[in-house]
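See structure below.
Just follow the structure's listing: the first ligand is 1, and inside any ligand the first atom is 1. Just so you know, residue 1 is the first one in the sequence shown, and it goes up from there.
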Amino acid sequence: MHLSCQNISFRYPNAENSVFSNLTLEVTEPGFNALFGPSGVGKTSFARMIAGDIKDHTGEIRMTGIDRIAYTYNLERLPGWSAVGRHLEKNIPESRKERMAELIEIFGIRDCMDQRFSQLSLGQKNRVNLIRYLLQDFQLIILDESLANVDELTRERIILRIKEIFPRTFFMYISHNVVEVSKFCKEILVFRGAHKRPQTVMVRGQDLKTGQTLDKKAFELTMLEIMNAS
Ligand SMILES: Nc1ncnc2c1ncn2[C@@H]1O[C@H](COP(=O)(O)OP(=O)(O)OP(=O)(O)O)[C@@H](O)[C@H]1O
């Protein structure tokens, strides 16, 4: 499995400036990787290019061993005509029902299953939405602030278990949380803004997994590296 983005440049039609120029990214192993940077710097735009939603960029995006890509973001909504649990039940193949029950427990949303989507809090909505994606077959999943509004401890539990359950999946985690990306991600592409050179810097994260102890010194260095790059 391999994702390679070479010299990607892009400007929205009618926009005066490019979002970024000559951006390069190479990810060779599955796992939890991140796109990090200040608001408006181009993380979503880049993610949508990887997902194939934006095609009119220059440069080359190549993938091997990745046939199915999902882009999921925190404002996606489910239809409200039936309870959330019923909706999931109807749209998930029988073979995934056990996995579904497991994810519902890990995500802490069992009590939401009898409610309609509109009745849920934002953090509950985001968790339900993400479960939908994790129950499909994707080799690459882009999580664009998909755990926004979810409390920190729950987010940590979810990330650690996702890493255990899906060791062969490429995750591209978009987040503004420097602690989280430093602790849990493998490769962190830090976006610095269109006016800085280079526009992006790659930082190696701690990639913490269940059962491991965080090396506090290395973790602090990662955070420092990210903050210095930003
Ligand atoms: N459809 C669009 N048309 C024109 N400009 C756009 C469009 N979508 C985004 N932009 C601009 O492109 C730039 C990058 O936006 P993008 O959403 O990729 O940033 P981001 O880093 O994901 O931000 P955030 O962290 O706030 O989600 C911004 O200046 C934004 O205004």
Where S230 and K196 come nearest, the two heavy atoms and their spacing: O-NZ, 3.2 Å
Lys/Arg cation over aromatic F107: R132, 6.0 Å, 45° cone: no
Nearest atoms (heavy-atom pairs only) where E187 meets M202: CB-CE, 3.6 Å
Heavy atom of protein closer than 4.0 angstrom to atom 23 (O) of ligand 1: yes
Heavy atom of A15, distance to ligand 1 below 4.0 Å: no
H176: numbered ligand 1 atoms lying under 4.0 Å from its heavy atoms: 25 (O)
Nearest heavy-atom neighbours spanning K125 and F117: CE-O, 3.1 Å
Verify atom 4 (C) of ligand 1: protein non-hydrogen atom under 4.0 angstrom away: yes
Within-shell test, G42 vs ligand 1, heavy atom, strictly < 4.0 Å: yes
E145 neighbourhood, listing ligand 1 atoms whose heavy-atom distance to it stays under 4.0 Å: 25 (O), 27 (O)
Heavy-atom pair with the smallest gap, counting every atom of N91 and Q136: O-NE2, 4.4 Å
Salt bridge (Lys or Arg N to Asp or Glu O under 4.0 Å) evaluation trace for R11 with E16: CA-CA 8 Å; R11 182 164 61 85; E16 219 167 89; over 6 Å; no
Residues, nucleotides or ligands: over 12 heavy atoms within 6.0 Å of R168 CZ: no
Short N or O distance, G40 and ligand 1, threshold 3.5 Å exclusive: yes
S45: numbered ligand 1 atoms lying under 4.0 Å from its heavy atoms: 14 (C), 15 (O), 16 (P), 18 (O)
Interfacing atoms of ligand 1 (cut-off 4.0 Å, heavy-atom, K43): 18 (O), 19 (O), 20 (P), 21 (O), 22 (O), 23 (O), 24 (P), 25 (O)
Nearest neighbour in protein (non-hydrogen) for atom 12 (O) of ligand 1: Y12 CE1, 3.4 Å
Atom 26 (O) of ligand 1: nearest protein contact (heavy atom, Å): S39 OG, 2.5 Å
Under-4.0 Å heavy-atom contact with ligand 1, by part of P38 that carries it: backbone
Test applied, side chain to side chain donor-acceptor pair (under 3.5 Å); reference residue, H2; option that passes from E29, E26, R62: E26
Spatial distance of atom CZ (R157) from atom CD1 (I106) [nearest 0.5 Å]: 8.5 Å
Nearest neighbour in protein (non-hydrogen) for atom 17 (O) of ligand 1: T44 CB, 3.7 Å
